[in-house]
Amino acid sequence: MQIEPYDCHTRCGPAEAKLSINGVSKIYGSGSDSVQALIPMDLMVKEGDFLCIVGPSGCGKTTLLNLAAGFDRPTTGTLMIDGKEISKPGAERGVVFQQGALFSWMSVLENVAFGPRATGHSAARARELAMDTLRMVGLDEFADKYPYQLSGGMQQRVGIARALTNDPEVLLMDEPFAALDQQTREGLLEEIRQLWNRTGKTILWITHSIEEALFLATHIVVMSPRPGRVCASFRSDFGLSQDPLISLTPEFVAAKREIFELLKTPSVQEAEVT
Amino acid sequence: MTEVYSPTQLKSAAAPQTSPRKRLNDRWLTFGTFALLLTTWALTTGMGPWDPIIKPLFLPSPALVVQAFFQLLENGFQGKTLGQHVGISLYRFSVAFFFCIIIGVPVGLMMGMNRRFRAILEPPIQAIRPVPKIALLPLFLIWFGIGNLSKIIVIAAPVFPLIAISAMQAVQSVSEKKIQAAQSLGASRWTVFSRIVLPASLPGIFTGIRLSISIAVTMLVAAELTATSEGIAWMALTAAEFLATNVVIVAVLIMAVIGFGLDRLFWLIETRIVHWSGKESALVTQTRNRLSSLAISIFRAAQRPPYRVRNRHL
């Protein structure tokens with residue numbers, strides 16, 4: 001078990017890539033107020049990859065996810081999914097948010113059935129599909145509850161179920177467990193691993209936690225801030241492991257240290273300058 | 001990870017944790033306040049063992065007020081029954097309120113959704129808002145005659161902008177995440193509006209409506225100041241001219257009951273429809289202070305440049 005550097009730009013040709021990011025940069029604002037959130041970057045995500053983008057706040061990881069989701073347009077470059085350019089949000093890219101994105105006025109079942117309804121399935125079919133996913137994430141008995149009647153961890157599982165029900169090509173996850181407590185998070189991370197094993201979905205997962213990235217990912221892209229850029233990328237075996245306690249092994253700790261050093265360096269330099 | 005909160009637990013989680021016993025004690029304290037007020041009123045106005053300290057001309061005793069109420073019920077006031085006076089006032093109030101809601105809410109929603117619409121309508125509405133509407137009453141009398149129409153319009157004048165602007169702000173404060181979530185689930189613009197923006201705005205819309213009730217009752221008094229010879233506020237004003245203080249107090253109490261009753265009614269409708277409001281953990285405190293924060297945000301809206309778009313994705 002180990003991590004090894006790989007070139008995230010040339011993981012595969014653009015034609016084979018599920019999600020390809022080509023020369024994408026983002027500048028917010030204009031004139032002297034402008035902020036370079038992301039300097040031009042390339043990234044290829046192959047089908048079935050579990051790619052974690054890890055970095056401190058301000059490194060542009062959420063910007064990147066918003067671009068991939070189509071919530072925002074890049075300043076330069078293009079993002080493509082299955083060779084088609086991304087210009088707006090779409091059902092083929094499921095998004096899971098940190099929290100507070102469930103529809104509070106709908107029951108759990110209505111939340112999860114929203115996707116299939118919006119993409120043109122009949123009400124009955126949408127219900128059926130929603131019940132299937134709810135069963136998969138173990139929430140079928142809570143179908144008639146409202147989101148506010150569930151704990152934070154269960155709400156996030158509803159969010160994941162909702163995104164999964166549309167059977168998207170890519171799942172985009174924006175720090176979905178960042179607001180949860182440690183115990184809940186660890187349980188859910190294990191569930192996500194199994195879910196990925198079962199469904200083989202392509203997942204783009206944003207996190208600031210190195211441990212989370214190592215635990216889940218097959219590929220890890222490390223980003224650093226000011227301006228946001230890719231500073232390293234690794235292929236990882238830990239995500240394929242079945243061991244829920246993998247994070248206690250010396251190899252895991254060594255890998256964690258390696259990435260930690262990478263992320264530490266720029267801020268130390270910054271501190272010395274000021 | 002599998003705990004589910006029961007509705008009752010949730011209610012107490014949203015409110016500060018108090019035991020039923022403590023809450024009962026609080027009830028008694030509130031009751032005590034009213035009892036003290038009523039007793040003071042009774043004792044100073046002749047119901048005590050001594051002579052009235054305050055003359056009935058200024059403040060009749062509770063018994064006299066009750067008596068006046070039954071007399072009014074029986075004999076009516078100035079040729080009309082009490083029911084007719086209350087009825088005509090409720091009619092003026094309801095017509096004004098009804099049109100404010102069915103026009104104001106959609107206008108507000110459209111202002112919230114569409115920046116061009118907002119650019120066209122928000123400045124005139126904001127410009128009219130600070131004008132004291134009572135001052136417009138003479139103008140309305142000239143324009144709309146001395147019938148009910150001018151009264152309805154003077155009630156609607158301050159209510160309409162309040163309802164429209166609170167609906168607009170409700171739309172603007174819909175969580176961007178929820179809109180993005182719906183969009184990435186494949187929802188069309190119409191679905192985003194009807195199933196996300198509209199329900200998410202309902203709590204804010206209700207707050208605007210409930211804030212408007214007390215304003216509308218106030219305007220009812222203004223509307224019945226002149227050019228009418230019926231209505232509950234007119235009854236109070238006319239009785240005051242004859243120094244019939246007991247009738248004035250009956251009329252004022254009836255208006256208080258109407259205002260309070262309507263507020264409770266809309267509150268009941270609100271809790272039925274927007275059952276989720278105030279229960280989103282992160283939003284609890286925010287929503288609890290909704291009434292005051294809305295008043296503040298409306299005030300701020302008047303100061304902010306009108307063309308800014310907060311929800312980029314609408």
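All heavy atoms count here, side chains included; hydrogens, waters and symmetry mates do not. Chain letters run A, B, ... following the sequence lines, proteins first and then strands; every chain starts at 1.
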Who are the side-chain contact (heavy atoms from CB on, under 4.5 Å) partners of A:Glu169, not counting sequence neighbours?
A:Lys18, A:Ile81, A:Asp82, A:Glu92
For B:Ser188, which atoms come within 4.5 Å of any heavy atom of chain A: side chain, backbone, both, or neither?
neither
With chain B, which of A:Gly120, A:Gly159, A:Ala118, A:Gly152 has the greatest number of heavy-atom pairs at distances under 4.5 Å?
A:Ala118
Looking only at A:Leu180, A:Asp181, A:Asn166, the option with the highest number of non-hydrogen pairs under 4.5 Å against chain B is A:Asn166
Taking side chain as C-beta onward, heavy atoms only, is A:Val24 less than 4.5 Å from A:Leu67?
yes
With sequence neighbours left out, what residues match B:Ile128 under side-chain contact (heavy atoms from CB on, under 4.5 Å)?
B:Lys133
Step by step, would you call A:Ser25 with A:Thr75 a side chain to side chain donor-acceptor pair (under 3.5 Å)?
CA-CA 6 Å; A:Ser25 72; A:Thr75 309; 4.9 Å; no
